[in-house]
Amino acid sequence: MKHWLLKSEPDTFSYSHLATAPDRRTVWDGVRNYQARNILRDEICQGDLIFFYHSSCKQPAIVGICRATRTGIADPSQFDPASPYFDPKSSADNPRWITIEVEAVNALHPAITLKQMRTDSALQDMALLNRSRLSVQPVSDQEWQHIMSLTRSV
DNA sequence: GCCAACGTTGGC
DNA sequence: GCCAACGTTGGC
């Protein structure tokens, strides 16, 4: 099983939004970057565990864990003209944006802040620190285990 | 709000 | 296919 990291702006969709959603699940819509799409479409497998990261906020941090419950979903927002993520160049028989469904597993206490990760020698190769704009990222087994050792999931 | 990094668009 | 212009992300 591989590990991943998803970014979300908490003002838009926070970990607690996920944890209180019906079935604690949501379709991860709105990703419109091809590299991120390729990871969602080709690499994340059902059952994979994923860090939930809060970006563009006061304290950027990994705040929870979720699990990929379904894969290969055509992002419904690409077909919705009222959505900011509408893509007129996409079609139902050849959807451009493929995503996953995720389910909340646990919040992390404490959350692991970006600041803390930046100063942790075990985490210097993290994509988060080096490919900071990518909104769907791989997390190595070592990085995952290390971060888990710094916190407890509740 | 600023701005660096970097992805995308479109003219040529 | 190049690359300048432009748009977006996201930390600070």
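First the proteins, then the strands, lettered A, B, ... as listed; each starts at 1. Atom set for the values below is all heavy atoms of this structure, side chains included, hydrogens, waters and symmetry mates excluded.
Here the side chain of Arg131(A) is nearest to one of dT8(B), dG11(C), dG7(B), namely dG7(B). Comparing atom distances between the Arg118(A) side chain and each of dC6(B), dG7(B), dC12(C) picks out dC12(C) as nearest. For Lys7(A), whose side chain is taken as the heavy atoms from C-beta onward, the closest listed nucleotide among dG10(C), dC12(C), dG7(B) is dG10(C). Checked against dG11(C), dG10(C), dC6(B), the side chain of Ser135(A) finds its nearest nucleotide in dG10(C).
As a whole-Å value, the separation of Tyr85(A) OH from dT9(C) C1' is 12 Å. Rounded to an integer number of Å, the gap from CZ of Arg96(A) to P of dT8(B) is 11 Å. Rounded to whole Å, atom P of dT9(C) lies 16 Å from atom CG of Leu128(A). One can place CZ of Arg133(A) at 11 Å from P of dA5(B), the figure rounded to the nearest angstrom. Nucleotide dT9(C) holds its C1' atom 15 Å from the CG atom of Asp11(A), rounded to whole Å. Between Met117(A) atom CE and dG11(C) atom P there is a gap of 9 Å when expressed in whole angstrom units. One atom, OH of Tyr53(A), and another, C1' of dT9(C), lie 11 Å apart when rounded to the nearest Å. Rounded to whole Å, the distance from CG on Leu6(A) to P on dT9(C) is 15 Å.
For Phe79(A) and Trp97(A), the distance between ring centers is not under 6.0 angstrom.
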- Please test Trp4(A) against Phe52(A) for ring pair (Phe, Tyr, Trp, His ring centres under 6.0 Å), starting from the C-alpha separation and ending with a verdict. CA-CA 9 Å; Trp4(A) 311 95; Phe52(A) 193 109; over 10 Å; no
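Using a distance-only test at 3.5 Å, with no hydrogens or angles considered, no donor-acceptor pair links the side chain of Glu101(A) to the main chain of Val27(A).
Tested against Gln78(A), the residues Ser90(A), Ser91(A), Pro88(A) include a single side-chain contact (heavy atoms from CB on, under 4.5 Å) partner, Ser90(A).
The side chain of Tyr34(A) contributes no N or O atom lying less than 4.0 Å from OP1 or OP2 of dC6(B).
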